[in-house]
Amino acid sequence: MQGDGTNVQNGSERPTVDRRTFLEAGASAMGAGWGLAGIAPGTAASGAESGLSQSPIRVGVVGVGPRGQWHVRNLLANHSDVTVTAIADLHADRAAAAADLVRKARGTDPATYTHGEFDYRNLCERDDVDAVLIATPVYWLGRMTVDALRAGKHAAHEVAGAQTEEECWQMVDEKEKSGKRVMFLENCCYGQETMMITNMVEQGVFGEPYYAEGSYLHDCRPQFFDSSGKITWRGELWRDTYGSAYPQHGLGSNCKWLKINDGDRLESCQTMMTRPREARLHAAARFGESSGPAQVEFRTGDFVTSLIQTAQGRMIRIDYSLTCTRPYSRYYLLQGTQGCWDSRSGVFLGGGEHASGGQDGWQPLESYRDRYEHAYWRRDGEVAARFGGHGGIDYYCIYDFARMLREDKEPWIDVYDAAAWSAIIFCSKLSLDRGGARVDMPDFTRGRWKDASWRKGRIPIG
Ligand SMILES: NC(=O)c1ccc[n+]([C@@H]2O[C@H](COP(=O)([O-])OP(=O)(O)OC[C@H]3O[C@@H](n4cnc5c(N)ncnc54)[C@H](O)[C@@H]3O)[C@@H](O)[C@H]2O)c1
């Protein structure tokens with residue numbers, strides 16, 4: 001799923017030799033639809049610049065479709081102390097294209113693994129791979145993370161992460177056994193607005209946050225079938241399962257604001273869903289009423305809403321759809337005891353310095369930017385936005401991945417977040433199976449969430 005509806009090119013795209021053109025090719029690959037004219041090299045601190053790491057960080061990348069290839073570009077362009085030593089993909093041409101990027105940027109030839117679905121395990125075993133970055137279709141993400149950890153490597157995986165409770169527990173157990181790091185690449189947590197709200201929450205502007213809404217409404221129907229009418233993994237996801245199957249773009253920031261795993265936890269969920277209509281209508285319009293795609297029986301309804309109750313009596317609502325006829329939408333709301341942010345309305349503050357009288361209606365979030373812009377975006381937000389990748393959020397997401405490896409510290413979005421945020425995938429499905437009943441959610445921290453500071457060794461993002 002694209003986080004933004006961008007049309008990324010496939011791995012056959014070839015950049016030209018010089019660094020500037022290499023970067024520009026990346027911007028056009030990922031930035032289409034964002035109006036990006038061109039980009040300059042990023043300024044993210046590399047180990048070489050910061051003096052934190054003397055030896056290069058060696059990453060193996062599994063899955064170099066549009067998303068994985070973009071991560072390769074991002075790492076090479078913005079982190080001079082990081083290199084890619086190995087690449088795995090089912091398609092040899094995609095692996096070769098990604099290898100070409102490395103050759104042009106670093107002058108080295110990464111090993112490629114293209115012999116079937118489990119060849120990536122050979123990549124994981126390599127001595128010259130420190131960390132494995134995984135950008136394969138969703139049903140591979142959990143098991144590949146587990147395999148990387150078992151091979152003694154750090155790991156990072158894409159959204160939507162692990163699909164089953166068993167995979168979530170395996171990730172947590174293997175991470176704890178191995179002592180390696182796991183980062184969940186939930187890029188929407190790094191948005192300019194969502195990070196600003198994170199900063200405002202940290203500074204107590206909203207008082208105690210107790211209710212949040214998040215959403216991911218992205219019409220991906222054109223990606224359910226390829227041009228020949230063959231169903232893709234995105235179409236399979238919509239056909240074979242149901243519930244909030246790709247929830248984290250809406251859920252991640254909510255969890256950060258409500259201190260999930262840092263003093264609270266996701267305790268139970270209830271899910272409701274409409275009947276499926278729109279995927280079939282689209283397939284029939286595209287391929288014809290009597291075509292194969294038009295006969296596919298999709299199981300996910302067009303609009304899915306999950307309500308999550310937390311252990312501390314807070315609540316989160318997540319809206320999700322890949323088929324609604326509407327432009328890409330990702331709206332959020334945060335309600336606290338001293339105010340509210342609604343991404344569709346603005347900010348209202350009625351506590352703190354406004355305690356003697358609330359503001360006069362909604363104020364634009366923009367009016368708080370000078371005071372509360374997050375440190376990341378204040379530092380090099382223009383560079384991030386110019387580099388592209390969903391408007392700059394990918395820049396910071398990969399920045400934190402590189403930081404995790406460079407500083408050898410737990411990331412801001414760690415394995416416990418990955419497991420908790422993925423749990424809604426199978427819990428929402430179970431809730432639907434039980435007619436919308438309340439379903440208990442697992443506690444992957446095994447009770448440690450009660451201590452709000454148990455993860456204080458993590459990389460600070462302030
Ligand atoms: N966070 C975001 O904003 C965002 C955006 C786009 C995609 N994604 C996620 O990134 C992942 C990849 O997305 P994409 O659009 O590039 O998908 P894609 O299907 O175009 O590419 C996936 C690649 O993985 C390869 N692959 C599949 N199984 C493999 C295996 N067993 N071993 C090695 N390679 C294998 C495929 O050959 C393909 O090249 C998905 O999980 C998707 O949900 C996230």
Side-chain angles (χ1 to χ4, degrees), residues 1-11 13 15 22-46 59 61-79 82 84 98 101 105 131 133-136 138 141 155-161 183-196 198 216 218 246 248-250 252-253 256 328 330 374 376-377 379-405 411-413 417-418 459 461:
M1 247 60 61
Q2 321 298 342
D4 68 339
T6 11
N7 251 333
V8 283
Q9 296 162 13
N10 68 25
E13 180 204 9
F22 167 80
L23 290 164
E24 283 173 350
S28 69
M30 206 57 198
W34 288 92
L36 296 171
I39 54 171
T43 58
S46 71
V59 176
V61 180
V62 182
V64 280
R67 190 66 184 155
Q69 192 191 127
W70 177 245
H71 288 320
V72 171
R73 289 177 185 280
N74 197 344
L75 282 169
L76 296 175
N78 294 314
H79 301 278
V82 177
V84 174
L101 296 175
L133 188 156
I134 302 155
T136 48
V138 291
L141 300 169
H157 65 260
E158 259 300 342
V159 181
M183 177 170 168
F184 184 33
L185 300 170
E186 178 29 76
N187 48 347
C188 293
C189 292
Y190 293 92
Q192 188 168 17
E193 289 196 345
T194 49
M195 283 197 104
M196 190 168 147
T198 303
Y216 181 61
H218 182 186
Y246 202 89
Q248 296 94 354
H249 288 333
S253 290
K256 288 297 175 192
Y328 177 83
R330 207 155 37 79
H374 189 274
Y376 274 20
W377 283 88
R379 185 194 66 213
D380 57 359
E382 278 180 28
V383 175
R386 258 204 324 279
F387 183 73
H390 304 119
I393 63 179
D394 293 344
Y395 176 89
Y396 290 118
C397 186
I398 288 299
Y399 172 80
D400 263 11
F401 168 63
R403 251 188 109 179
M404 167 183 91
L405 302 174
W412 183 45
I413 306 177
D417 292 333
I459 291 175
I461 57 141

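Fair warning: this is a prediction, and the values are worked out from it, not measured in the lab.
Between atom NZ of residue Lys256 and atom OG1 of residue Thr198 there is a gap of 9.0 Å, rounded to the nearest 0.5 Å. Atoms CD1 and CD, from Ile393 and Gln192 in turn, are 11.5 Å apart once rounded to the nearest 0.5 Å. Annotation: the span from His79 atom NE2 to Asn74 atom CG amounts to 6.0 Å, rounded to 0.5 Å. Atom-to-atom distance recorded for His390:NE2 and Cys188:SG is 7.5 Å, nearest 0.5 angstrom. The distance from atom CZ of Arg403 to atom OH of Tyr396, rounded to the nearest 0.5 Å, is 12.0 Å.
Take Thr194 and apply the side-chain contact (heavy atoms from CB on, under 4.5 Å) test, not counting sequence neighbours, and it matches Ser253, Trp257, Tyr332. The salt bridge (Lys or Arg N to Asp or Glu O under 4.0 Å) test applied to Glu186 returns no partner, not counting sequence neighbours. Listed by chain and number, the residues in a ring pair (Phe, Tyr, Trp, His ring centres under 6.0 Å) with Phe401 amount to none (sequence neighbours excluded).
Residues Ala384 and Tyr395 come closest through the heavy atom pair CB-CD2, 3.3 Å. Of all the heavy atoms in Val138 and Ala160, the pair that sits closest is CG1-N, 3.6 Å.
Within the 4.5 Å cutoff, no side-chain heavy atoms of Cys189 are placed close to those of Met195. The shortest distance between side-chain heavy atoms of Ile459 and Met404 falls below 4.5 Å. Looking at heavy atoms from C-beta onward, Leu185 lies out of side-chain contact with Val159 at the 4.5 angstrom threshold. For the pair Leu133/Val72, no side-chain contact is recorded, criterion being any heavy-atom separation below 4.5 Å from C-beta on. Leu101 places a side-chain heavy atom less than 4.5 Å from the side chain of Leu76. Side-chain contact between His249 and Asn187 is present, with heavy atoms from C-beta onward closer than 4.5 Å. Looking only at side-chain heavy atoms (C-beta outward), Gln69 and Val61 stay at 4.5 Å or farther from each other. With contacts defined as side-chain heavy-atom distances shorter than 4.5 Å, the pair Met183/Trp412 does not qualify.
Figure legend: cation-pi geometry between Arg379 and Tyr399, with NZ or CZ positioned under 6.0 Å from the six-membered ring centre and within 45° of its axis.
With ring centers used as reference points, Trp70 lies under 6.0 Å from Phe387.
Listed for the Tyr190 side chain is no donor-acceptor partner under 3.5 Å among the backbone atoms of Asp394.
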(request) Given side chain to side chain contact (heavy atoms under 4.5 Å, CB included), test Ile398 with Asn78 step by step and report yes or no. (result) CA-CA 9 Å; Ile398 288 299; Asn78 294 314; over 6 Å; no
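Note: Tyr376 and His374 have perpendicular aromatic rings, judged against thresholds of 30 and 60 degrees for the angle between ring planes.
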